[in-house]
Each structure stands twice: as C-alpha cells, then as structure tokens.
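Written below as structure tokens is the structure these notes are about.
Just so we're clear, the structure is a prediction, and the values are computed from it rather than from any experiment. Sequence lines set the chain letters: A, B, ... in the order given, protein chains first and strands last, and positions in each chain run from 1.
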Amino acid sequence: MATGQSVNERIYMVIRQVPEGKVTTYGQISKIVGTASARQVGYALAAVREGMAVPWQRVVNSQGKVSLSGSEQQRLLEAEGIEFDAQGRIDLKRFGWSGPDDAWLEANGFDVTWFWSR
DNA sequence: CTTCTGACGAAAT
DNA sequence: CATTTCGCCAGAA
C-alpha cells in the first residue's frame, strides 16, 4: 500500500484518476482505497480546498445524485457532458467510471484484489 | 487533551 | 419505500 500517506491523500489520488465526462461514487472509491469506508470518502471531500486539484464534482452518491443539492456541482458536471434525468439523477450505466487500470493501481501501491469482485 | 460535526453506503427492520 | 445502525477521519473550538 502507499505507505506514509493519510487516508485522505489516498482518496484524493484515486479521485484524480476520474476522467472528465465520467463520474464515480463514494462506495467505489472506498473499495479502491481499501482502508476507507464510504463515510471517510465523504469526510475527505468535505476537507478539499481550492488549489488541491481534486475533481470533487465527479463524485456522486450511489443513487447517481449529487450530494450538494442546490449547489453548482450539477452545473459543473453538465458542462463536462454529464446528463441528469428529470429526477436529478445521473445514469451510472452511461456515465459511471469503470475504475483505474491495473497498471496504475500497482504502480501506486494499491491492492488490485478489488478488481476480482468488481 | 476532549467534544463535536460533517459531500455516504449497505443491510436489517 | 422510510428509518436505523455502524463504520471511525480530520479540523475547529
């Protein structure tokens, strides 16, 4: 594992891998990081400040909805090509990120075993 | 040093 | 479908 780094730092590393036009979920990030619960991912995002280069807007909840209702998160995603339905939800089948590739995981010290059950 | 408080998820009830 | 329970980080007061 990427030792010497805090849980939050590992969470940010993973989120930075999400490409524009795709979204990921709190649960998926927690599985990739391995040592973080979905709740901790939420804590980590709440601690993000400007200048950290973390595309926090690409992280939505398991229902495909943005966490910050009434904020600018949805507008930022629409600008990247993400579509929302009438209920304000994103179709994860179409816009969901499939995850980092094995090479990246291994190069950064993450456990690749989560791939076996994805 | 202690307490409080958040961008969440899955399973059980 | 709504509510409850647990998991257990990091910064502010």
Taken in chain and number order and not counting sequence neighbours, the residues that satisfy side chain to side chain donor-acceptor pair (under 3.5 Å) with A:Thr24 are A:Gln28
Contacts of type side-chain contact (heavy atoms from CB on, under 4.5 Å), residue A:Leu92, not counting sequence neighbours: A:Val23, A:Thr25, A:Val60
Salt bridge (Lys or Arg N to Asp or Glu O under 4.0 Å) partners for A:Arg16, two or more places apart: none
Base, backbone or nothing for each nucleotide of nucleotides 8-13 of chain C, written B, S, -, heavy atoms under 4.0 angstrom, 5' to 3'? SBSS--
Here the side chain to side chain donor-acceptor pair (under 3.5 Å) pairs for residues 41-52 of chain A, sequence neighbours left out, are A:Arg39-A:Tyr43
Please give, in whole Å, the distance from B:dC8 P to A:Lys31 NZ? 17 Å
Atom-pair distance (CD1 on A:Ile11; P on B:dC8), nearest Å: 13 Å
Name all pairs fulfilling the salt bridge (charged side-chain N to carboxylate O under 4.0 Å, His left out) condition that reach into residues 54-69 of chain A, sequence neighbours left out, sorted by first residue then second. A:Arg58-A:Glu80
